[in-house]
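Take a look at the structure below.
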Amino acid sequence: MTLMPSKALKWHAKQLVRHLAPEPIKRWLLGIESPAYHLWSIGTAIGRSPFQLARDRSMDRPVLTREDVTDVRALFVADPFMIRVHDLWHMFFEVYNYDSDRGEIGWATSCDGRVWNYEQIVLRESFHLSYPYVFEWNGCHYMVPESHQARSVRLYEAKQFPTEWVCTDVLLKGECFNDSSLFRYGQHWWMLSETSSELRHDTLRLYYSRHLRCGWQEHSRSPIIQANPHTARPAGRVRVVGDKLIRFAQDCSPIYGTSVRAFEITDLTLVTYEERVLLAQPFLGPNWRPWMQGGMHHIDLHHLGTNQWIACMDGWRPVGGLVPEAWQAAKC
């Protein structure tokens, strides 16, 4: 087929985009997503309870942005998880690396949870990583980052915390596991994971095991949510608050990263699962902070003591009308 010069130019440009441009750019330039660029950042908040996070003006700005990342060219930062070791807070989060075209796991530190210092990338693979669910168990530190491109749930152990992580076990494989969230309840480990292979964010599965490293099997009631992008995809650490077991879910409709909703798990055994809506309205959503005008999709809560909680979360805002400066070369 003979093409006119202008059409031929457009055709060749599309081929370059398909083969060379990072995935978020492809999706915009090829018309898969809206031209608005979602700039994700990370912030923190402190409150008297998980559901009374204060609007402290000193926390109106994000604590980490892509500009803070010094060792790679970052398109955005998102999915923060915190852990306190001795007197220092450590935060692990996704850094989307422009050059490698995939997510990698970054690390930052803070003495008070308000002011954070970016340190470095601590984990990268040949596939996308995000949602670094970090926790401590029996004196060891573990991380379960999202690795849906590898179609597996992988357990990493810190051989030298916080910078050296080794994959020691594959807990599950065969599905497109998104934002897997592990927690200990009763005598078992439990895992919530969104598994829509077409990234519809609408299918939540439940797994359990007596042991962290092995023996994982799917619950008889799983999938516990189907065809519901408002409530299926996990949005952070499962928490016990008072006598309630709370899970947080991303509301991914009408667009991905709309808001975060809270649910109480009221019945959890090896053969039963029940939950109820904890709050009628989204727990957190657009415009809760100036830097999350578009929305959010993640929160990690920690109890500091009597009547005090701290949380880290992410959020996005549309910027630049079309694309950030770092994408201009690819657009041309």
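R247 has its side chain within reach of L204: a pair of non-hydrogen atoms, C-beta onward, lies under 4.5 Å apart. A 4.5 Å side-chain heavy-atom check between L245 and E264 finds every atom pair outside the cut-off. Residues E119 and T109 meet the side-chain proximity criterion, which asks for heavy atoms closer than 4.5 Å. Annotation: side chain of I83 is not in contact with side chain of M91 (no heavy-atom distance under 4.5 Å). Taking 4.5 Å as the limit, some side-chain heavy atom of R205 sits within range of a side-chain heavy atom of E218. Side chains of V85 and H90 form a contact here, defined as non-hydrogen atoms less than 4.5 Å apart. Counting heavy atoms from C-beta outward, M296 and W316 have side chains that stay 4.5 Å or more apart.
Results of the side-chain contact (heavy atoms from CB on, under 4.5 Å) test with F263 over T231, L278, I246 single out T231 as the only residue that passes.
The aromatic rings of W89 and H302 stand perpendicular to each other, their planes meeting at an angle above 60°, with 30° marking the opposite boundary. In this pair, Y208 and H219 present their aromatic rings perpendicular. The plane angle is above 60°, beyond the 30 to 60° band. H298 and F81 have perpendicular rings, their planes meeting at more than 60° on a 0 to 90° scale where under 30° would count as parallel.
Although no hydrogens or angles enter the test, the distance criterion places a donor-acceptor pair under 3.5 Å between the side chain of H303 and the main chain of G305. Counting only distance, with no hydrogens or angles, the side chain of D251 and the backbone of S259 share no donor-acceptor pair below 3.5 Å. Looking at D71, its side chain does come within 3.5 Å of a backbone N or O of I121 through a donor-acceptor pair. H148 contributes no side-chain N or O that, together with a main-chain N or O of F177, makes up a donor-acceptor pair within less than 3.5 Å. With hydrogens and angles ignored, the 3.5 Å screen pairs no side-chain donor or acceptor of W165 with any backbone N or O of F161. No donor-acceptor distance shorter than 3.5 angstrom exists from the side chain of Q149 to the backbone of R151, with no hydrogens or angles considered. Distance alone, capped at 3.5 Å, is enough to place a donor-acceptor pair between the S147 side chain and the S152 backbone. When atom types are taken as modelled, the side chain of S196 and the backbone of E194 share no donor-acceptor pair closer than 3.5 angstrom. Put simply, the side chain of D314 gets close to the backbone of D79: a donor and an acceptor are under 3.5 Å apart. Judged purely by atom type and a 3.5 angstrom limit, S110 uses its side chain to pair as donor or acceptor with the backbone of V115.
A distance of 9.0 Å separates OG of S49 from CG of L301, quoted to the nearest 0.5 Å. Residue F283 holds its CZ atom at 4.0 Å from CD1 of I299, rounded to the nearest 0.5 Å.
Note on E125 versus R154: salt bridge recorded, some NZ/NE/NH1/NH2 to OD/OE distance being below 4.0 Å. Salt bridge annotation for E157-K159: present, with a cationic side-chain nitrogen under 4.0 angstrom from a carboxylate oxygen. Note on E274 versus R221: salt bridge recorded, some NZ/NE/NH1/NH2 to OD/OE distance being below 4.0 Å. By the 4.0 Å N-to-carboxylate-O rule, E146 lies close enough to R233 to be salt-bridged with it.
Within 6.0 Å of OH on Y185 lie no more than 12 heavy atoms contributed by other residues, nucleotides or ligands. The environment of CZ in R48 is sparse: at most 12 heavy-atom neighbours from other residues, nucleotides or ligands sit within 6.0 Å. In Q187, the CD atom is not crowded: 12 or fewer heavy atoms of neighbouring residues, nucleotides or ligands sit closer than 6.0 Å.
For the residue pair P223 and T203, the shortest heavy atom distance occurs at CB-CG2, 4.0 Å. Summarising the geometry of H297 relative to G257, their closest heavy-atom pair is CB-CA, 3.9 Å, with the distance given to 0.1 Å. Considering every non-hydrogen atom in both T65 and P62, the closest pair reads CG2-CG, 3.7 Å. When every heavy atom of V69 is checked against every heavy atom of V77, the shortest pair comes out as CG2-CG1, 3.8 Å.
Under the 3.5 Å distance criterion, with hydrogens and angles disregarded, a donor-acceptor pair is assigned to the side chains of Y273 and E275.
No path of Ile, Leu, Val, Met, Phe, Trp and Tyr side chains, each step under 4.5 Å between heavy atoms, connects I310 with V134, placing them in separate hydrophobic clusters. There is a path of hydrophobic side-chain contacts, each under 4.5 Å, that joins V153 to Y156. V166 and M143 fall into different hydrophobic clusters, where Ile, Leu, Val, Met, Phe, Trp and Tyr are joined by side-chain heavy atoms under 4.5 Å apart, directly or via other members.
A cation-pi arrangement is found for R237 relative to Y133, the charged atom lying closer than 6.0 Å to the ring centre and inside a 45° cone about the ring normal.
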